Amino acid sequence: MTAQTCPRQHQRTTMEIASLEPSLYTVKAVFILDNDGNRLLSKYYDKELYPSMKEQKNFEKNVFNKTHKADNEIAFVEGMTIVYKCSIDLFFYVVGSSQENELMLMAVLNCLFESLGQILRKNVERRCLLDNMDGVFLVVDEIIDGGVILESDPQQVIQKVNYRLDGSEQAYGFDLFDYIVGNIDGQTDRSQCA
Amino acid sequence: MIKKFDKKDEESGSGSNPFQHLEKSAVLQEARIFNETPINPRRCLHILTKIIYLLNQGEHFGTMEATEAFFAMTRLFQSNDQTLRRMCYLTIKEMANISEDVIIVTSSLTKDMTGKEDVYRGPAIRALCRITDTTMLQAIERYMKQAIVDKVPSVSSSALVSSLHMVKMSYDVVKRWVNEAQEAASSDNIMVQYHALGLLYHLRKNDRLAVSKMLNKFTKSGLKSPFAYCMLIRIASKLLEETEAGHDSPLFDFIESCLRNKHEMVVYEAASAIVHMPNCTARELAPAVSVLQLFCSSPKAALRYAAVRTLNKVAMKHPSAVTACNLDLENLITDSNRSIATLAITTLLKTGSESSVDRLMKQISSFVSEISDEFKVVVVQAISALCQKYPRKHSVMMNFLSNMLRDDGGFEYKRAIVDCIISIIEENPESKETGLAHLCEFIEDCEHTVLATKILHLLGKEGPRTPSPSKYIRFIFNRVVLESEAVRAAAVSALAKFGAQNDDLLPSVLVLMQRCMMDSDDEVRDRATFYMNVLQQKQKALNAAYIFNGLSVSVPGLEKSLHQYTLEPTEKPFDMKSVPLANTPITEQKTEFAPVATSKLPEKPGPTRQDIYQEQLAAIPEFQGLGSLFKTSEAVQLTEAETEYVVRCVKHTFARHMVFQFDCTNTLNDQLLQKVMVQMEPSEAYEVLHYVPAANLPYSQPGSCYSLVRLPEDDPTAVSCTFSCTLKYLVKDCDPNTGEPDDDGYDDEYVLEDLEVTVADHIQKVLKPNFAAAWDEVGGDFEKEETFALASVRTLDEAVGNIISFLGMQPCERSDKVPENKNSHILFLAGGCLQGNTNRSGTRLVSLMAHVLSNLLNVDHGNTELLLSFMENSFLFLEISK
């Protein structure tokens with residue numbers, strides 16, 4: 001039996017639409033990948049969808065392969081509706097069920113993208129994102145809580161996260177020193193602690 | 001991987017990932033600085049980020065190490081750095097399931113959620129609810145209630161969403177917060193509105209009245225949040241569907257009014273809701289279709305996708321409603337988003353005329369390799385539907401499909417194509433040879449065992465009857481040489497069918513069989529040996545029984561009979577006739593444009609409906625000793641749909657008896673029925689032996705009562721009978737809320753519609769894949785010919801339909817489909833009569849049919865002639881001519 005014939009996938013490759021149970025659980029997953037398809041951040045909100053890390057990474061790989069060539073905004077992969085956006089060397093994905101209102105998913109994606117654009121001062125690229133990973137985690141946490149859209153207005157998200165940009169221009173005094181000693185070179189840090 | 005990154009670092013200098021070489025143990029080491037005083041917020045923040053990053057990458061943390069890090073982290077609550085505190089909340093949520101004793105942070109979180117810092121309160125609530133269980137929830141209940149109605153929107157939203165997450169776990173506690181949620185729903189903040197509505201619905205969804213009141217209130221008051229509107233539309237359409245309210249209901253008006261909302265999201269949700277409603281008329285669809293039409297030209301890809309996907313859905317049921325959008329759809333077939341283009345083309349294929357098919361197919365083949373498998377399946381489905389609609393286009397389609405079959409693709413996709421080709425072959429005999437040729441080519445290089453065996457089976461069935469069967473032998477034998485065991489075995493079976501049907505091929509087939517007998521696999525060898533021996537006998541009857549038509553008994557039934565046989569040691573050989581016949585699966589008439597549904601069916605046959613009934617009946621002491629269940633009919637309604645009591649009847653036929661099973665439902669919530677039975681008055685020589693009443697029939701819980709009837713033995717023609725039925729019962733009034741009945745009751749009765757027993761109840765369908773072989777197997781001894789005239793039927797189609805439904809036999813070899821413009825047609829029907837007493841029932845059936853048909857088909861001056869040949873107890877060969 002090949003991987004393609006696994007029964008779980010059978011159920012999801014069709015585009016059939018059953019009536020939608022009214023629910024606030026709109027977002028099934030959200031993830032950010034770099035331009036090699038590596039995961040930088042990903043959250044799965046539906047425990048039944050890809051319960052294992054291996055399945056999640058396979059799904060991300062599959063999605064990435066189908067979307068990275070053209071910025072088409074929306075795709076349908078493995079029975080899930082996926083809206084996405086790319087920026088320089090980053091890919092942002094929001095996943096919903098095949099019955100989900102595509103525009104709701106777009107609202108989430110736009111909010112995520114604009115909020116990150118603001119906290120990263122428009123430098124929405126891999127390095128800057130990784131340097132401010134804490135802010136990124138907080139933004140995602142403010143937009144989606146367990147699959148429910150918590151906030152869709154980027155201004156509100158920024159206000160709630162109240163994040164200071166980390167990086168050269170903002171670093172000052174002790175913080176700059178600490179930043180260099182503690183984090184650029186993990187080795188020093190470790191020897192200090194040991 | 002690492003090498004790649006290093007190289008990149010050299011090139012760009014900025015591409016490196018600060019988290020690339022993180023090691024869990026090193027990070028956990030670093031986490032020790034959480035214990036240093038004073039706390040260094042910046043460094044601690046980085047370490048927390050690293051921990052969360054590692055968790056996110058799927059790094060596994062052991063309980064011990066996670067608990068240790070978690071406890072160290074709790075110290076960070078002493079710092080007042082905002083981002084650090086927020087990252088602590090995140091860490092708590094991430095570690096809630098891996099670390100032990102996470103509840104120790106409860107007091108810190110409770111303090112934050114009730115504190116002055118608004119920035120902390122929302123996230124603290126969400127973190128707290130993540131680590132709280134039902135018992136602890138009671139302790140924080142007071143705070144939760146306050147938080148839900150808090151004037152700070154983020155606090156209120158957080159409390160509402162967290163409550164929603166906890167409904168699953170502690171419904172009873174959260175239920176008490178309904179008033180607070182109600183208050184929050186009238187908040188000015190759009191997200192609070194949305195979350196409150198969601199929570200209220202989840203708490204009330206089982207109470208239809210409350211949901212309807214809530215809808216009424218919110219649809220009138222008007223909400224500001226587009227999300228809340230979408231939610232309302234979904235609730236309204238669900239309620240409409242459940243209550244089966246007509247489309248003049250205020251709920252439908254509400255949904256329709258949302259088509260004029262200023263948010264596209266709401267407009268689309270409303271349009272989609274209308275499209276998905278069952279039984280929508282074209283007029284009701286029109287406004288929804290016209291907004292979708294507008295969306296088709298939107299610059300936003302997601303909106304175009306949404307619109308065309310929904311239009312595609314409409315086109316499945318109401319192609320004419322979408323024709324107005326054809327122009328807009330034409331513009332989308334070159335859309336850069338291939339998903340949109342595919343959907344547009346498949347929609348056009350459904351709505352367009354026959355003349356546009358070639359052009360559209362050409363367009364789609366230009367980019368079919370670029371789209372994902374899911375959409376390729378959609379394309380194949382559209383083609384499949386198209387072939388049914390325009391059978392003349394099958395050559396274009398077949399070409400296209402064979403090209404698709406050559407491309408790369410997953411199992412689902414290939415299976416859809418193969419199914420489509422097979423259905424074309426079945427519908428159009430003239431496409432058989434090309435279709436088989438394409439499939440032969442496909443199995444030359446097919447990685448899917450299931451498809452290869454399926455195609456080999458088809459080749460075995462159809463190949464021998466083509467003008468030059470020899471050309472398929474090569475393809476089949478190649479499988480024997482190259483493939484896995486399952487495919488080899490299937491190939492051997494297919495070869496045997498060629499040998500059995502084509503005398504001139506027999507010697508070569510025997511040589512090939514000989515080689516298969518050397519196979520390394522047991523099953524393949526066994527099959528080869530078996531077929532070899534059967535073929536060498538050169539007897540038609542043997543071929544028919546063992547090569548063409550196989551077993552016609554139900555497999556679970558056979559298993560049960562064999563088990564029974566081994567339990568009771570006896571001298572007698574096992575009698576195959578005691579095994580119930582397999583009922584041919586009732587293939588539901590595929591709804592024309594939704595062939596997808598069939599692919600979802602489970603592959604393995606479970607116990608059939610009849611097997612389930614057999615079990616149920618065997619459990620009733622009165623029905624023991626009736627023998628095995630011969631046939632179970634479809635359910636017949638004996639009441640109108642909207643009456644006080646709903647009764648339907650299922651007829652079970654046994655060798656000498658019939659059992660009528662009445663499934664009754666009481667739809668009055670203030671009555672309890674007891675001792676429910678259906679009294680039956682037969683019109684013929686049938687004799688009612690026994691009634692098994694249903695003891696209790698409470699409101700809306702279905703119950704069954706039974707009647708046992710003996711079939712008349714002496715009069716073979718008396719098969720059909722009409723029973724007048726009356727439902728008799730003892731009524732006890734009861735409290736609609738508690739269901740508590742009064743002590744006293746009174747007898748009452750209710751007249752049901754008459755129940756008919758027909759010929760079809762005595763005949764079990766049997767599928768004979770090769771009818772001619774089965775016919776020959778029986779031999780001519782039983783043959784009987786009679787001619788009837790059909791009076792009331794006008795077309796051959798109608799005649800065929802009537803005869804099949806009246807006799808309840810299985811049409812074989814698709815002979816139930818009458819080709820157009822023909823004056824005569826041959827219908828092959830196969831069925832089994834009551835087993836166990838073959839002779840009696842054999843003669844009985846023949847006389848019975850002659851009798852019945854002469855009644856049915858009025859011998860008077862009809863313009864359609866019917867030539868009947870009867871065979872033994874099971875076959876019927878009909879030639880109908882006009």
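Just so it is clear, the values below take in all heavy atoms, side chains as well, and ignore hydrogens, waters and symmetry mates. These figures come from a predicted structure and were not determined experimentally. Quick note on labels: first sequence line is chain A, next is B, and so on, each numbered from 1.
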- Query: Below 4.0 angstrom, N of the basic side chain to O of the carboxylate: do E100(A) and K28(A) qualify?
  - Reply: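 Result for this pair is no, no salt bridge flagged.
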
Is [X] close to chain A through its backbone or its side chain, or both, or neither, when contacts mean heavy atoms under 4.5 Å?
X	answer
M265(B)	both
E59(B)	neither
K93(B)	side chain
L90(B)	side chain
D81(B)	side chain
Y194(B)	both
H195(B)	both
Q82(B)	side chain
L45(B)	side chain
F19(B)	side chain
S336(B)	both
T449(B)	neither

I'd like to know if the side chain of [X] reaches the main chain of [Y], judged simply by a donor and an acceptor atom lying under 3.5 Å from each other, with no hydrogens or angles considered.
X	Y	answer
N132(A)	G135(A)	no
E125(A)	D89(A)	no
Y93(A)	L109(A)	no

- Task: Please name the pair of heavy atoms, one in S272(B) and one in T310(B), separated by the smallest distance, quoted to 0.1 Å.
- Result: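 Minimum heavy-atom separation between S272(B) and T310(B): CA-CG2, 4.1 Å.
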
- Locate the shortest heavy-atom distance separating S152(A) from P154(A); write the atom from each residue and the value.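 Closest approach of S152(A) to P154(A): O-CD, 3.5 Å.
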
Name the option with the most non-hydrogen atom pairs under 4.5 Å to chain A; the candidates are [options].
options	result
G58(B), A302(B), S339(B), G198(B)	A302(B)
R304(B), R130(B), E36(B), M87(B)	M87(B)
T49(B), V27(B), V119(B)	T49(B)

Does any backbone or side-chain atom of [X] lie under 4.5 Å from a heavy atom of chain B? Answer side chain, backbone, both or neither.
X	value
K57(A)	side chain
S23(A)	both
M104(A)	both

- Picking from L40(A), N123(A), D34(A), I88(A), what satisfies side-chain contact (heavy atoms from CB on, under 4.5 Å) with L129(A)?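 Result: among L40(A), N123(A), D34(A), I88(A), L40(A) is the only option passing the side-chain contact (heavy atoms from CB on, under 4.5 Å) with L129(A).
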
- Message: Go through it in stages, so that I can follow the logic: the residues are R39(A) and L33(A), the test is side-chain contact (heavy atoms from CB on, under 4.5 Å), and I'd like the CA-CA distance, side-chain angles, deciding distance and then a yes or no.
- Response: CA-CA 5 Å; R39(A) 165 195 285 203; L33(A) 307 179; 4.1 Å; yes

- Message: If we define contacts as heavy-atom pairs under 4.5 Å, which of V161(A), V83(A), L150(A) has the most with chain B?
- Response: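 Of the candidates given, the most pairs with chain B belong to L150(A).
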
- Identify, with sequence neighbours excluded, every residue that meets ring-ring contact (aromatic ring centres under 6.0 Å, His included) alongside Y120(B).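 Once residues adjacent in sequence are excluded, Y120(B) has no partner under the ring-ring contact (aromatic ring centres under 6.0 Å, His included) criterion.
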
- Query: Which residues satisfy the side chain to side chain contact (heavy atoms under 4.5 Å, CB included) test with P123(B), sequence neighbours excluded?
  - Reply: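 In terms of side chain to side chain contact (heavy atoms under 4.5 Å, CB included), with neighbours along the sequence ignored, P123(B) is linked to E142(A), R86(B), Y89(B), R126(B).
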
- Message: Regarding N65(A) and K61(A), do their side chains bring together a donor and an acceptor under 3.5 Å, going by distance alone?
- Response: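 Side-chain D/A pair, N65(A) to K61(A): absent.
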
- Task: Could you tell me the separation between the CZ atom of F59(A) and the CE atom of M80(A), rounded to the nearest 0.5 Å?
- Result: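 The CE atom of M80(A) is 6.0 Å from CZ of F59(A), to the nearest 0.5 Å.
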
